[in-house]
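Below is one structure, written out as structure tokens; the observations come after it.
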Amino acid sequence: MINVSKKCIGCEKCVPICPFAAIQMIDKKAVINEACTLCGACVQVCPVDAIEITREETAIKDFSSYRGVWVFTELEDFHEKNKPSKKLRRVAFELLSEGRKLADELNEELCAVVLTDKNHAFEKELGAYGADKMYLVENPELADYDTDVFSTILISLINRHKPSIALYPATIMGRDLAPRVAASLYVGLTADCTGLSIKDGLLLQSRPAFGGNIMADILSPNSRPQMATVRPNVMKLIEPVPGKQAVVVKEEIKIDKNLRRVKVLERKITHDKAGARIEDAKIIVSGGRGMKTRDKYKYLEELCRILGASLGASRAAVDMGFNEKSHQVGQSGTTVSPKLYLACGISGAVQHIVGMRSSDVIVSINKDPNAPIFNVSKYGIVGDVHEIIPKLTQALKNRLKA
Ligand code: FAD
Ligand code: SF4
Ligand code: SF4
């Protein structure tokens, strides 16, 4: 609530300062109308402290019944002895590795949540990466991801067990699921966190803001669970502990078939020809605007074939139509962490660097010796990429023949 007291001397200093034009002078007194957003700017300029804002204190809620760090695990299809099967995506282990630290600091359990048509003894792998418990919902309806079905189940589980923290992968699935759950439970959600820690018992969620130029630290003190998504390849894996198994807690949840509004007719995998998703690739050859044309960018395909690499792209290269968005590396693309990242004709804008700087070895080719990409590169080649790539490709071919 905002109020102008009798102290007002009619100096009008507050009028131009209001960003919402909410103050009018009536009978030489400031009068504030309903356009006011309680931003407080006028309070600071009033020379006689005539403007008072009273804010309702947020009720302090008791969250002591909320315990446990949860990781939503995503599964992917693969073929085992020519039979379709499912396995845990690597990002599940990355989240568990990070979740383990948080759970230890809070002295709470680390729990993995698995929604699947069939359990494939996931408790062994999950346990090895630190999970104490695995909440398992098994049902043939869960063979394919569906927003309505998965979010309804997850909301039921959260309401039943009340975790203090819930982490999701910032994958296509996680980015679809987590906001739905957050909106339904009326809790906050921080997307694409690059750092997680505990501060005064709360989850401190750090993420780049303003185009990657500053880091924002976010707390959710007034709601539970505290929820965050984390991109693949951002958190480091811990050493797995062989032999440790998560305790399996089977959850019975009735799934109403009418919940599903989407029917999956066909699945097409858009991984590159080498078969690897770019976020899982061990070697990436990436091209930028310096590749000049789509045809010249395609030279990189041969190099990829020889190296067994996946083909990446800067946003400029994607915008120029050299490759699909699913191959874009960076802040608004994919975060990658290969053993080798070869950047060809990429300047090294901060939005690109944040997506590839955790690669083990970065090699860059750029004709500009001052290109920022060299600041994060282990090896830098200053020169024309159109001369160097054919020579490099040929040299590798010769080596393979020898
Ligand atoms: P440029 O910056 O134009 O660099 C081209 C480089 O090629 C130059 O360094 C030049 O010296 C070199 N070159 C030219 N010719 C040759 C040659 N013959 N031989 C050798 N070198 C040559 N970008 C991303 O990549 N990924 C993202 O996810 C992303 N997200 C973004 C999100 C936001 C909110 C914003 C604002 C921007 C984002 N960007 C992203 C864009 C980013 O800021 C840069 O514009 C982009 O990365 C530039 O791509 P580039 O390096 O290919 O092109
Ligand atoms: Fe305007 Fe902000 Fe003052 Fe409200 S609090 S009257 S919006 S300056
Ligand atoms: Fe009144 Fe203070 Fe506004 Fe001046 S700045 S008109 S004293 S409310």
Side-chain angles (χ1 to χ4, degrees), residues 1-55 192 208-213 231 278 284 286-293 296-297 299 312-320 322-323 325-336 341-357 364-375 377 380-390:
M1 214 177 102
I2 190 161
N3 183 44
V4 182
S5 73
K6 285 184 184 157
K7 287 195 241 171
C8 174
I9 51 171
C11 71
E12 298 190 11
K13 282 194 178 153
C14 55
V15 179
I17 214 80
C18 177
F20 302 96
I23 310 177
Q24 289 165 288
M25 296 305 296
I26 299 176
D27 295 336
K28 296 193 176 162
K29 296 277 178 211
V31 176
I32 296 175
N33 64 35
E34 65 282 356
C36 171
T37 62
L38 300 183
C39 74
C42 55
V43 178
Q44 292 170 37
V45 296
C46 178
V48 292
D49 296 333
I51 310 175
E52 290 159 4
I53 294 180
T54 43
R55 295 180 199 272
D192 288 351
F210 293 105
N213 292 317
R231 285 179 176 213
I278 193 157
I284 295 174
S286 218
R289 199 197 306 271
M291 295 309 298
K292 304 282 191 234
T293 64
K296 288 182 177 168
Y297 173 84
Y299 292 158
S314 71
R315 178 152 134 182
V318 171
D319 289 347
M320 290 167 85
F322 297 175
N323 208 333
K325 172 89 177 160
S326 58
H327 291 251
Q328 182 184 314
V329 173
Q331 186 189 316
S332 51
T334 301
T335 304
V336 297
Y341 188 87
L342 177 59
C344 309
I346 295 178
S347 60
V350 63
Q351 295 89 358
H352 188 81
I353 302 268
V354 291
M356 45 65 86
R357 69 174 154 212
S364 303
I365 308 171
N366 200 302
K367 66 178 184 185
D368 174 6
N370 298 316
I373 193 84
F374 290 131
N375 299 336
S377 303
I381 304 169
V382 178
D384 188 340
V385 73
H386 304 289
E387 286 174 19
I388 293 164
I389 291 296

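When a residue number appears, it is its place in the shown sequence, counting from 1. Start at 1 and go down the list; that is how both ligands and their atoms are numbered.
Under 4.0 angstrom from ligand 3, the non-hydrogen atoms of Val48 all belong to its side chain. Only the backbone of Glu12 comes within 4.0 Å of ligand 3, judged by heavy-atom distances. Residue Ala349 touches ligand 1 through its side chain alone, judged by heavy-atom distances below 4.0 Å.
Once rounded to the nearest 0.5 Å, the distance linking SG of Cys14 with CD1 of Ile32 reads 6.5 Å. Distance CZ/Phe374 to OG/Ser347: 11.0 Å, rounded to 0.5 Å. Rounded to the nearest 0.5 angstrom, Ile23 CD1 and Cys42 SG are separated by 4.5 Å. Atom CD1 of residue Ile365 and atom CD1 of residue Ile381 lie 4.5 Å apart, to the nearest 0.5 angstrom. Summarising the geometry, atom CD1 belonging to Ile278 is positioned 8.0 Å from atom CG belonging to Asn323; distances are rounded to the nearest 0.5 Å.
The distance criterion of under 3.5 Å between nitrogen or oxygen atoms is met by Val385 with respect to ligand 1.
Taking every non-hydrogen atom of Ile51 and a distance limit under 4.0 Å, the qualifying atoms of ligand 3 come out as 8 (S). Proximity to Gly330 (heavy-atom distance under 4.0 Å) selects the following atoms of ligand 1: 26 (N), 27 (C), 28 (O). Set against the non-hydrogen atoms of Cys11, the atoms of ligand 3 under 4.0 Å away are 4 (Fe), 5 (S), 6 (S), 7 (S). For ligand 1, the atoms closer than 4.0 angstrom to any heavy atom of Gly345 are 5 (C), 6 (C), 7 (O), 21 (N), 52 (O). Close approach of ligand 2 to Ile2 is summarised as follows: ligand atoms under 4.0 Å from at least one heavy atom of the residue are 5 (S). Listed by number with element, the atoms of ligand 1 under 4.0 angstrom from any heavy atom of His386 are 18 (N). Those atoms of ligand 1 with a heavy atom of Asp368 less than 4.0 angstrom away are 11 (O). Of all atoms in ligand 1, numbered sequentially from 1 with element shown, those under 4.0 Å from a heavy atom of Val329 are 24 (C), 25 (O), 26 (N), 27 (C), 28 (O). Near Gln331, meaning under 4.0 Å from one of its heavy atoms, ligand 1 places the atoms 27 (C), 28 (O). In summary, the atoms of ligand 1 found under 4.0 Å from a heavy atom of Asp384, numbered by their order in the structure, are 17 (C), 18 (N), 19 (N). Ligand-side atoms of ligand 1 in range of Gly333: 28 (O), range being under 4.0 angstrom from any heavy atom.
Ile373 and Ile346 get closest at one heavy-atom pair: CG2-O, 3.4 Å. The heavy-atom pair separating Met291 from His386 by the smallest distance is O-CE1, 3.1 Å. Of all heavy-atom pairs spanning Met25 and Glu12, the tightest one is CG-CG, 3.6 Å. The shortest non-hydrogen separation linking Ile353 to Gly348 is CG1-O, 3.4 Å. When every heavy atom of Gly287 is checked against every heavy atom of Ala317, the shortest pair comes out as O-CB, 3.4 Å. Between Ile9 and Pro47, the closest heavy-atom pair is CD1-CG, 4.4 Å.
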Requested in this report: Could you please spell out the steps behind the side chain to side chain donor-acceptor pair (under 3.5 Å) verdict for Ser332 and Arg315?
Outcome: CA-CA 8 Å; Ser332 51; Arg315 178 152 134 182; 3.2 Å; yes
Query raised in the report: Stepwise, does the side chain to side chain contact (heavy atoms under 4.5 Å, CB included) test hold for Cys344 with Ile389?
Result: CA-CA 9 Å; Cys344 309; Ile389 291 296; 3.8 Å; yes
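The heavy atom nearest to atom 31 (C) of ligand 1, out of those in Arg315, His352, Met320, Lys296, is found in Arg315. Residue Ile23 holds the heavy atom nearest to atom 6 (S) of ligand 2 of all those in Val31, Ile53, Ile23. Compare Asn366, Val350, Val318 by their heavy atoms: the one nearest to atom 12 (C) of ligand 1 is in Asn366.
Note on Cys14: not counted as a metal contact of atom 1 (Fe) of ligand 3, no N/O/S atom lying under 2.8 Å. Residue Cys36 counts as close to atom 4 (Fe) of ligand 2, with an N, O or S atom under 2.8 Å.
At the shortest separation from atom 1 (Fe) of ligand 2 among protein heavy atoms lies Cys18 SG, 2.3 Å. Counting protein heavy atoms only, atom 3 (Fe) of ligand 2 is closest to Cys42 SG, 2.2 Å. Nearest protein neighbour of atom 2 (Fe) of ligand 2, counting heavy atoms only, is Cys39 SG, 2.4 Å. Nearest protein heavy-atom neighbour of atom 7 (S) of ligand 3: Ile9 N, 3.5 Å. Protein heavy atom closest to atom 5 (S) of ligand 2, with residue, atom name and distance, is Gly40 N, 3.3 Å.
In this structure a side-chain-to-backbone donor-acceptor pair under 3.5 Å is missing from Asp27 to Lys29.
Heavy atoms of Gly383 come nearer than 4.0 angstrom to ligand 1 in at least one pair. At least one heavy atom of Lys292 sits under 4.0 Å from some atom of ligand 1. Residue Val45 places every heavy atom at 4.0 Å or more from ligand 3.
Within a 6.0 Å sphere centred on NZ of Lys325, other residues, nucleotides and ligands contribute more than 12 heavy atoms.
Asp384 has no carboxylate O lying under 4.0 Å from a charged side-chain N of Lys367, or vice versa, which leaves the two without a salt bridge.
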